[in-house]
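Reading through the structure tokens given below for one structure.
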2 protein chains.
Amino acid sequence: MLSFFTVDCVIFTFHEGALKILLAERNEYPYKDWWALPGFFVEKEEEMEDAVKRISYEHTGLKDIYLEQLAAFAGLKRHPEGRVLTVAYMALVRYEDVKNKIKPVTNYMKQVKWFDVSKMPALAFDHGNILSLSLRKFKTSLHYSLAPFELLPEKFTLTQLQQVYEAILGEPLDKRNFRKRISNLGYLKELNEFQTGVSYRAARLYKLDKRKFQKLFS
Amino acid sequence: MLSFFTVDCVIFTFHEGALKILLAERNEYPYKDWWALPGFFVEKEEEMEDAVKRISYEHTGLKDIYLEQLAAFAGLKRHPEGRVLTVAYMALVRYEDVKNKIKPVTNYMKQVKWFDVSKMPALAFDHGNILSLSLRKFKTSLHYSLAPFELLPEKFTLTQLQQVYEAILGEPLDKRNFRKRISNLGYLKELNEFQTGVSYRAARLYKLDKRKFQKLFS
DNA sequence: ACAAAAGTGTTCGCAATACACCCATGG
DNA sequence: CCATGGGTGTATTGCGAACACTTTTGT
């Protein structure tokens, strides 16, 4: 028998060479004025994953985003008013798709904002734990995961892809080794298109070949 | 707002060269006479992990076993009487510790039994999903995990360890390569003790050096 | 011409793989 | 002496890591 059931979302994006997470500033007790992960109650007749989609949509204006369940948190003391079980999800969005759309959903929140992963404030409830779990999981599954491509536009440069990897791992990678490894894996399609609007040599664009990727990590 | 909250346990052990899972035969509708994962309701004032420990203890007579959370399942249709949210855990026990202790807990169950992982019956509810998720996770985390050692006695032979790996991966491994790899990792302590009671050359016993293991995968 | 980032090869060491025979022990 | 599993070495190959310079383009 359980009192409350919520979902919380760690929504990642990638912008200006950095991994960012969407946080909401609370306007209600407990933890008024603290930053927290976007989350809300799951409705009585609502599927859990639909609740996650609803919440992500309300905050970012996007549907059909990449979702992955992280874990359930059910500590009796995680909320002062008794057990609130939450299931945490990780969501990935493309910055280009979302940039002017983020907004607070209810007046429970004052504002929402992207935070650089390396400059996170203290978080309400146990959201700090959820966050660090999500980062750890992100790192360890990186090499078999479509996740990096969910953070980039459909067509991207190898440097952008490398920056995503570096942001997730939190460490720099060697350019030549990175390109060699990725191209050996063979799931990138080289396009005959190039960057535009840069004041230096334009980089070639690539696309993910999902078929080949799936074949590799079935 | 949620009606019911349960935990389900995928309890693994290792015996006679095979990976086994503990199942309970239901004696109540729905799914009367079906086999299911051991699980039960989480009490109102009980921590989720304590509920898992309680249920494992009641079935196996063991305390302080290895536990790991797998995932939450909350589908509205997973139980005919409405949403029953369950959090699935994986538990590992040593067969020697548990062999004559397993028993059904309530008269909701007719019997409990170890099933060879390669010969599982159809399972009640969505327990088949839970099971296959646990096996996949077990495999992928194997090389950085203490799990194999939680299935073996404190002192074990290299052949036993190899059999555990083979049972989890579901494929045979080369003896020389396995031993070379394991001994390069350097977290096994070679003992000056040997198997007894076998009618062939007695194998050397080894122990895990947890310190070195932790240092390696911090 | 300069600034900025794109793009490109080689060497080295380690780890994974494939593979087969002799040894020790108890019965 | 036989059955059973214990224990051992080598050659090959592929992958990750270290490392620096030339090319292209726009201004």
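Here is the naming used below: chain letters follow the sequence lines, and residue numbers restart at 1 for every chain.
- For A:F156 and A:F149, the gap between ring centers is short of 6.0 Å.
- For the side-chain contact (heavy atoms from CB on, under 4.5 Å) test, residues two or more places apart in sequence or in another chain that qualify with A:L216 are A:L185, A:Y187.
- For the pair A:D174 CG and C:dG9 C1', the computed distance is 12 Å after rounding to whole Å.
- Judged by distance alone, the side chain of B:D126 and the main-chain N or O of B:N129 form no donor-acceptor pair under 3.5 Å.
- The number of heavy atoms from other shown groups lying within 6.0 Å of OH (B:Y57) does not exceed 12.
- Note that B:K113 lies in the cation-pi zone of B:F115, set by a 6.0 Å cut-off to the ring centre and a 45° limit from the axis.
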All N/O pairs under 3.5 Å across the protein-nucleotides 4-6 of chain D interface:
residue	atom	partner	partner atom	Å
D:dG6	OP1	B:T159	OG1	3.2
D:dG6	OP2	B:T159	OG1	3.1
D:dG6	N7	B:K175	NZ	3.4

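- For the segment residues 208-217 of chain B, no residue has any heavy atom less than 4.0 angstrom from an atom of DNA chain C.
- Rounded to whole angstrom, the span from the CD1 atom of B:I182 across to the C1' atom of D:dT8 amounts to 17 Å.
- Residues in residues 12-23 of chain B take part in no side chain to side chain donor-acceptor pair (under 3.5 Å) pair, two or more places apart or across chains.
- Every ring-ring contact (aromatic ring centres under 6.0 Å, His included) that B:Y31 has, sequence neighbours left out, goes to B:W34, B:F125.
- Panel note: side chain B:Q69, backbone A:A72; a donor-acceptor pair is recorded below 3.5 Å.
- Regarding A:Y206, its OH atom lies at a distance of 10 Å from the C1' atom of C:dA6, rounded to whole Å.
- Counting all heavy atoms, side chain and backbone alike, B:L37 lies closest to B:L23 at CD2-CD2, 3.8 Å.
- Shown here is B:K155, whose NZ atom has no more than 12 heavy atoms of other residues, nucleotides or ligands within 6.0 Å.
- Atom CD in A:Q162 sits about 14 Å away from atom C1' in C:dT8, given to the nearest Å.
- Projected onto DNA chain D by closest heavy-atom contact, A:V198 and B:L158 fall at different nucleotides, the more 5' of which corresponds to B:L158.
- Atom CG in A:L173 sits about 15 Å away from atom P in D:dC19, given to the nearest Å.
- Atom P of nucleotide C:dA16 and atom OH of B:Y165 are separated by 12 Å, given to the nearest angstrom.
- Annotation: the span from B:S56 atom OG to B:L22 atom CG amounts to 9.5 Å, rounded to 0.5 Å.
- Following rounding to the nearest Å, A:L161 (CG) and C:dA6 (C1') show an atom-to-atom distance of 15 Å.
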Polar atoms only, N or O, under 3.5 Å: list the protein pairs with nucleotides 10-16 of chain D and their distances.
residue	atom	partner	partner atom	Å
D:dT10	O4	B:K180	NZ	3.0

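- Spacing between atom CZ of A:F178 and atom P of D:dC19 amounts to 20 Å, rounded to whole angstrom units.
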